[in-house]
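I have placed the structure first, in the form of C-alpha cells, so that the comments after it can refer back to it.
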Amino acid sequence: MPEWAELRITSDFVNKTSVGKGFIKAEKSDVSKVKTDLSFMNMNRPFTITAESRGKELRLSISDQKESKYLLMFMGMSGGFALISPKYKDYDKVMKHSHLRFYREDGMILCFHDVRRFGKWKWADEWSNNRGFDPVRETEEWKNELRNSYKDNHGFVSEVLMNQKLFSGVGNYLRAEILCRTQDNPWKKLSEFNAEEIENLMNVTLYCLETAYLNQGGRIKDWQNPFIQNENHATPMSNWILCYGSLQSSMIKDKTGRTFWFDPIWNSEVPEKYLKKKHKLTEII
DNA sequence: TGTTTATGCCGAC
DNA sequence: TCGGCCTAAACAC
C-alpha cells in the first residue's frame with residue numbers, strides 16, 4: 001500500500017468501514033512483536049474508529065463514551081486494511097497476516113494486514129515530529145518551509161525527495177514519477193535550484209500525490225510490466241506510472257541501497273560512485 | 001533449488 | 001553507511 005496516496009486511500013477505507021459502526025474489542029496476532037497496550041479497547045465499552053492520514057502516517061481516533069485516544073500507525077512496506085467476515089472462505093489466509101484486528105459489533109473484523117510486519121502502531125497525542133507538513137493537507141506551511149530551507153540543502157534532489165521532513169509522503173515510486181515529470185537532473189542539489197524551479201518541483205509533487213490518489217494508488221505489482229501490456233490487468237495506475245520500474249528507464253542503487261529509476265536523458269549525470277554498484281543505463285529512445 | 005527483489009524505517013558502528 | 005527487520009513472488013540456473 002504505502003506512500004502518500006495509499007495512506008489516504010487507507011484512511012478513506014477505514015472511515016468507510018467504520019462510520020456508524022460500534023467496535024467491541026481489539027487484539028494483535030500472536031506473531032506480532034508490537035507491544036502497544038490494547039486494553040483501552042477491551043474494557044467492554046463499545047468504541048468508534050475514525051481515521052486520518054498525514055504523509056505516510058495513519059492516525060486512528062478511538063473513542064468510547066469516556067475518552068478519545070489516537071493510535072498512530074505506520075504501514076511499513078506491505079501494510080493495509082481489510083474488512084473480513086469470519087465466514088469468508090479465505091479467512092485463515094487473511095488472518096495469518098492480520099496483525100492488528102478490530103472487532104465490530106456486527107461480527108465483521110477490520111484487519112491491519114501486513115505480510116512483512118514492518119508496520120507499527122502506538123498511542124500518541126501528536127503526529128510524529130520527525131516528519132514535515134503534509135503537502136496536500138498543509139500546503140502553504142509545507143511550501144513555506146521548503147522556500148525557506150532549500151538554499152541550505154545540498155542533497156541531490158532525488159534523495160531529498162525521500163526525506164520525510166521535507167517531502168512527507170513521498171516514497172520510492174513517487175520520487176521517480178515526480179522527477180520524470182519535472183525533467184530536473186536527479187543529481188542536481190536542492191541548493192542549486194532557483195525559486196522558479198522550486199515552485200515547479202512543489203507543484204509537480206502536489207500533482208503527483210493527488211493524481212496517484214485519484215487513480216486509486218494500489219500495489220506496485222499490479223501496475224508493472226508485463227501487466228502494463230496486458231489490458232486485462234491494466235489499472236488506472238499502470239497508465240499513470242511513466243518511469244518507476246519501466247523497461248525504458250535507467251536505474252541505480254541510491255545511497256540507502258534503494259533502486260532509483262530515472263529518465264535515461266540523465267545517464268551522463270550519474271555520479272561515478274553509483275556506477276560501481278548495480279545499475280542499468282538504458283538507451284535513449 | 002537458490003537468489004534477488006519489494007511502496008519503510010531504525011539503530012549500531 | 002550498513003545491516004536488520006520479515007514474507008512471498010519472480011527470477012536465475
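Numbered from 1 within each chain, the chains take letters A, B, ... in sequence-line order. The analysis underlying the following values was restricted to heavy atoms, covering all of them including side chains, and did not include hydrogens, waters or symmetry mates.
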Establish, with yes or no, whether the OP1 or OP2 oxygen of B:dA6 is under 4.0 angstrom from a side-chain nitrogen or oxygen of A:Thr259. yes
Can you see whether A:Trp121 has A:Arg101 sitting over its ring - NZ or CZ less than 6.0 Å from the centre and within 45° of the normal? no
Apart from A:Phe74 itself, what residues make up its hydrophobic cluster when side-chain heavy atoms of I, L, V, M, F, W and Y under 4.5 Å apart count as a link, directly or indirectly? A:Leu72, A:Trp127
So A:Lys278, base contact, sugar-phosphate only, or nothing? Heavy-atom distance under 4.0 Å. sugar-phosphate
Contacting residues from residues 110-128 of chain A, given that a heavy atom lies under 4.0 angstrom of DNA chain C: A:Val115, A:Arg116, A:Arg117, A:Phe118
Residues from residues 89-101 of chain A sitting under 4.0 Å of DNA chain C, heavy atoms only? A:Lys96, A:His97
With the side chain counted from C-beta on, respond yes when A:Glu138 and A:Arg54 share a heavy-atom pair under 4.5 Å apart, and no when they do not. yes
Short side-chain N/O contact from A:Lys255 to OP1 or OP2 of C:dC2, under 4.0 Å: no
Aromatic plane relationship, A:Phe262 with A:Phe260 - under 30° parallel, 30 to 60° tilted, over 60° perpendicular: parallel
Close aromatic pair by centroid cut-off 6.0 Å: A:Phe112 and A:Phe81: yes
Pairwise P distance for B:dT4 and C:dG4, with rounding to whole Å: 15 Å
note: A:Ile220, atom CD1; B:dG8, atom P; distance rounded to Å ~ 8 Å
Is it true that A:Lys276 and A:Glu272 have a side-chain N and a carboxylate O under 4.0 angstrom from each other? no
Distance between the P atoms of B:dC13 and C:dC5, in whole angstroms? 14 Å
Measure NZ/A:Lys276 against P/C:dC2 and give the value in whole Å, please. 12 Å
Would you say the side chains of A:Lys21 and A:Thr48 form a donor-acceptor pair under 3.5 Å? no
Whole-Å distance, A:Asp30 CG to C:dC6 P, equals 15 Å
Could you identify which residues of residues 200-212 of chain A place a heavy atom less than 4.0 Å from some atom of DNA chain B, listed by residue number, or say none? none
Using atom P of each nucleotide, how far apart are C:dC13 and B:dT5 to the nearest Å? 13 Å
Scan nucleotides 10-13 of chain B against the protein and return all N/O pairs shorter than 3.5 Å with their distances rounded to 0.1 Å.
none

Nearest-Å distance, CH2 (A:Trp223) to C1' (B:dT5)? 16 Å
To the nearest Å, give me how far apart CG (A:Asp254) and P (B:dG8) are. 11 Å
For A:Arg219 and B:dA6, give me the distance from atom CZ to atom P, rounded to whole Å. 17 Å
Looking at A:Lys33, does any N or O in its side chain come under 4.0 Å of the phosphate oxygens OP1/OP2 on C:dC5? no
Rounded distance in Å between the C1' positions of C:dT7 and B:dG11: 22 Å
Taken in chain and number order and not counting sequence neighbours, the residues that satisfy side-chain hydrogen bond (donor to acceptor under 3.5 Å, both in side chains) with A:Asp37 are A:Ser39
Interatomic distance where CH2 belongs to A:Trp4 and P belongs to B:dG8 [whole Å]: 15 Å
Would you kindly give the CG-to-P distance between A:Leu161 and B:dG8, to the nearest whole Å? 13 Å
